[in-house]
K.L.:
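Encoded as structure tokens, here's the structure I'll be asking about.
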Amino acid sequence: MQGKGVTLNCTLPVPSVQELVRQQRPDALPPRYLRDDMVVADHHRESLQDLPRIDLGKLMDLASRSTELRNLDSACREWGLFLLVNHGVSDEGMRMTKENVRGFFELPHHEKQKSAQRPGSLEGYGQAFVTYHEQKLDWNDMIFLKCHPPHARNLDLWPRNPPEFRMALEKYGEDMRKLAEAAAKYIGMALGIHEEELDLLAKSFGEGSCQVRMTYYPACPEPERAVGMTPHADATGITLLTECGNVAGLQVLRKDNCWVTVPPVPGSIVVNLGQIMEVYSNGTYRAPDHRVVVNKEKERVSIATFCNPSPSLPVGPSPQLLAATGLPPIFQTLSNSEEFMQRFYSRKLLDAVPFIDSLKL
């Protein structure tokens with residue numbers, strides 16, 4: 001299986017799943033998409049309607065902050081994921097972004113191919129982390145673009161169609177950057193961080209990087225034998241997920257090892273803690289494993305924004321937290337998020353040790 005030793009900072013080109021469905025209308029899954037090695041038969045598990053919901057307005061209001069911080073602390077400890085409501089991102093901005101992302105995936109294949117991934121890169125239209133030709137594939141197509149800082153953008157890969165795509169994504173990326181800064185601030189407060197260290201944490205996300213992955217999951221002929229996205233934890237600081245419709249697909253692994261469906265809630269944004277925040281909290285908060293399951297009748301489109309702190313913030317357990325708890329650090333301290341990501345991308349797909357465990361002392 002040539003290519004298993006290839007690192008994760010590039011990907012091989014693969015056929016479009018959307019085109020496969022459109023042209024062939026298969027009644028059964030092609031062999032490379034069969035995931036009988038994974039247990040996905042529980043994909044009809046009921047959604048947990050009391051998944052944590054955090055109200056950003058209550059966090060901003062001094063009268064309700066302490067109660068909502070306790071709710072946030074519980075959500076980060078028990079789930080590492082929550083629905084953020086009253087988040088302040090305009091309905092119009094969300095609508096424009098969703099429409100343009102859907103519009104991109106509705107374009108003819110040759111038009112989408114103008115944004116195709118280049119050799120040696122993950123950025124662009126295609127699929128991520130395909131490192132060898134026999135590898136089993138996820139049932140999705142995606143386009144992955146860097147939004148912040150502006151100088152990191154590869155505008156050659158930013159679609160010119162739909163005509164408002166670029167404008168909508170630029171505004172959306174800015175909204176997500178601001179939201180990540182606010183989320184980091186209140187997550188830090190829930191953890192007990194304060195004063196200068198809290199300011200540094202929030203500022204580092206405000207000045208950090210944002211990368212956006214827009215994913216299309218076609219209807220699937222055998223959803224119980226396929227996976228939309230392989231189970232993983234995010235090697236990021238904070239991930240912000242917007243659903244572009246009312247079709248469920250995201251599932252999170254609960255502490256009891258049960259997969260729980262995260263229901264789409266209109267107007268909400270899913271906040272998912274990444275492994276940088278698990279390290280920063282010294283394991284107090286968790287970066288949860290999550291996956292995407294697919295639907296036999298309906299397509300699904302989602303927008304995930306991966307937010308990382310700037311190089312001003314070392315990636316390691318919080319000094320204030322260690323001093324307050326008296327506990328020893330369980331993770332190494334790396335110089336910054338760039339070193340963290342370099343370590344992640346230098347790994348191999350089939351490395352036996354999970355990435356988060358490779359950082360433990």
Side-chain angles (χ1 to χ4, degrees), residues 1-24 26 28-38 40 101 104-105 107-146 152-159 211-218 220-222 225-236 239 290-294 299-304 306 341-355 358:
M1 293 187 179
Q2 186 179 3
K4 282 192 176 183
V6 175
T7 56
L8 298 177
N9 59 356
C10 60
T11 189
L12 295 173
V14 295
S16 162
V17 183
Q18 187 177 10
E19 284 302 290
L20 184 154
V21 171
R22 186 183 68 82
Q23 294 177 3
Q24 301 180 19
L29 282 171
R32 284 192 76 184
Y33 298 95
L34 284 170
R35 300 304 296 269
D36 293 334
D37 57 316
M38 299 174 56
V40 294
V101 170
F104 171 78
F105 286 112
L107 292 171
H109 184 60
H110 68 84
E111 184 69 24
K112 295 195 286 281
Q113 280 293 102
K114 294 177 181 178
S115 297
Q117 292 162 327
R118 309 298 195 253
S121 173
L122 293 172
E123 196 171 2
Y125 171 65
Q127 204 176 105
F129 307 133
V130 181
T131 63
Y132 60 99
H133 292 288
E134 301 86 355
Q135 182 178 329
K136 293 289 188 176
L137 299 176
D138 293 344
W139 190 257
N140 75 64
D141 293 339
M142 66 97 190
I143 180 168
F144 175 71
L145 299 171
K146 297 177 181 179
R153 297 172 187 164
N154 183 351
L155 292 179
D156 288 343
L157 296 174
W158 282 48
Q211 303 167 338
V212 182
R213 185 186 67 210
M214 296 146 277
T215 311
Y216 178 88
Y217 304 92
C220 178
E222 295 182 281
R225 303 184 72 189
V227 62
M229 193 163 291
T230 301
H232 65 285
D234 288 346
T236 62
T239 302
H290 53 283
R291 68 182 186 184
V292 175
V293 296
V294 287
E299 64 185 26
R300 174 174 174 262
V301 180
S302 67
I303 308 170
F306 305 110
M341 295 309 299
Q342 185 177 30
R343 285 207 189 186
F344 172 76
Y345 284 122
S346 66
R347 288 170 57 80
K348 314 235 178 357
L349 184 69
L350 299 180
D351 277 355
V353 178
F355 177 58
S358 73

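What you see below is based on every heavy atom in this structure, not just the backbone, and it leaves out hydrogens, waters and symmetry mates. Values in this document were obtained by computation on a predicted structure and should not be read as measured data. The first residue of the sequence shown is numbered 1, and numbering continues consecutively from there.
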K.L.:
Any side-chain heavy atom of Ile143 sitting closer than 4.5 Å to one from Pro159?
P.N.:
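Side-chain contact under 4.5 Å: yes.
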
K.L.:
Working to the nearest 0.5 angstrom, can you tell me the gap between Met341 CE and Thr236 OG1?
P.N.:
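Between atom CE of Met341 and atom OG1 of Thr236 there are 7.5 Å.
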
K.L.:
Give a yes or no on whether the backbone of Arg291 and the side-chain of His232 come within a donor-acceptor separation of less than 3.5 Å.
P.N.:
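Pair absent, no side-chain N/O of His232 close to backbone of Arg291.
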
K.L.:
Would you call Leu157 and Tyr125 a side-chain contact if the rule is heavy atoms closer than 4.5 Å?
P.N.:
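In short, these two side chains do not touch, never coming nearer than 4.5 Å.
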
K.L.:
Report yes or no: does Arg32 contribute a side-chain atom to a donor-acceptor pair with the main-chain N or O of Gln135 at less than 3.5 Å?
P.N.:
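Between the backbone of Gln135 and the side chain of Arg32 there is a qualifying donor-acceptor contact (under 3.5 Å).
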
K.L.:
Search all heavy atoms of Val294 against all heavy atoms of Cys220 and return the closest pair with its distance.
P.N.:
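Looks like CG2-CB, 3.7 Å.
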
K.L.:
Please enumerate all residues that pass side chain to side chain donor-acceptor pair (under 3.5 Å) together with Tyr217, with sequence neighbours excluded.
P.N.:
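Residues passing side chain to side chain donor-acceptor pair (under 3.5 Å) with Tyr217: none at all.
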
K.L.:
Cut-off 3.5 Å, side chains only: do Asn140 and Thr215 have a donor facing an acceptor?
P.N.:
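Short answer, no.
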
K.L.:
Work out which heavy atom in Leu145 is nearest to a heavy atom in Met214; give both atom names and the distance.
P.N.:
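That closest heavy-atom pairing would be CD1-CE, 4.0 Å.
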
K.L.:
Can you tell me how far CD of Glu19 sits from CD of Gln113, rounded to the nearest 0.5 angstrom?
P.N.:
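The CD atom of Gln113 sits 9.0 Å away from the CD atom of Glu19.
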
K.L.:
At their closest point, which heavy atom of Arg35 faces which heavy atom of Asp138, and how far apart are they?
P.N.:
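In terms of heavy atoms, the two residues are closest at NH1-OD1, 3.3 Å.
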
K.L.:
Counting only heavy atoms not in Gln342, do more than 12 fall under 6.0 Å of its CD?
P.N.:
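For Gln342, atom CD is not crowded (no more than 12 foreign heavy atoms under 6.0 Å).
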
K.L.:
Side chains of His109 and Gln23: closer than 4.5 Å at any heavy-atom pair?
P.N.:
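A side-chain contact under 4.5 Å is absent here.
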
K.L.:
Might you point out which heavy atoms bring Gln117 and Gly126 nearest each other, and give the distance in Å?
P.N.:
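Between these two residues, the closest heavy atoms are OE1-CA, 3.6 Å.
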
K.L.:
Counting distance only, does the side-chain N/O of Arg22 pair as donor-acceptor with the main-chain N or O of Leu20 below 3.5 Å?
P.N.:
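Flag not set: sc Arg22 to bb Leu20 has no pair under 3.5 Å.
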
K.L.:
Among residues at least two apart in sequence or on other chains, which ones pass salt bridge (charged side-chain N to carboxylate O under 4.0 Å, His left out) with Asp141?
P.N.:
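Result, salt bridge (charged side-chain N to carboxylate O under 4.0 Å, His left out) vs Asp141: none returned.
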
K.L.:
Rounded at 0.5 Å granularity, tell me how far OH in Tyr33 sits from CZ in Arg225.
P.N.:
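The CZ atom of Arg225 is 15.5 Å from OH of Tyr33, to the nearest 0.5 Å.
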
K.L.:
Main chain of Pro31, side chain of Lys136: is a donor-acceptor contact present, judged purely on distance under 3.5 Å?
P.N.:
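Here the side-chain-to-backbone pair exists.
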
K.L.:
So which heavy atom on Leu29 is nearest to which on Trp139, and how close?
P.N.:
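Smallest interatomic distance, heavy atoms only, reads CD2-CZ3, 3.5 Å.
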
K.L.:
Between Arg153 and Glu123, is any pair of side-chain heavy atoms under 4.5 Å apart?
P.N.:
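No, every pair of side-chain atoms sits at 4.5 Å or beyond.
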
K.L.:
Compare every heavy atom of Lys112 with every heavy atom of Phe105, then report the nearest pair and how far apart it is.
P.N.:
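So the two residues come closest at O-NZ, 3.3 Å.
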
K.L.:
Checking the side chain of Thr239 only, and the main-chain atoms of Phe306 only, is there a donor and an acceptor separated by less than 3.5 Å?
P.N.:
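Side chain of Thr239 to backbone of Phe306, a donor-acceptor pair under 3.5 Å: no, none is there.
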
K.L.:
Output the distance between atom OG (Ser346) and atom CZ (Phe355), rounded to the nearest 0.5 Å.
P.N.:
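Nearest 0.5 Å value for the OG-CZ distance: 7.5 Å.
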
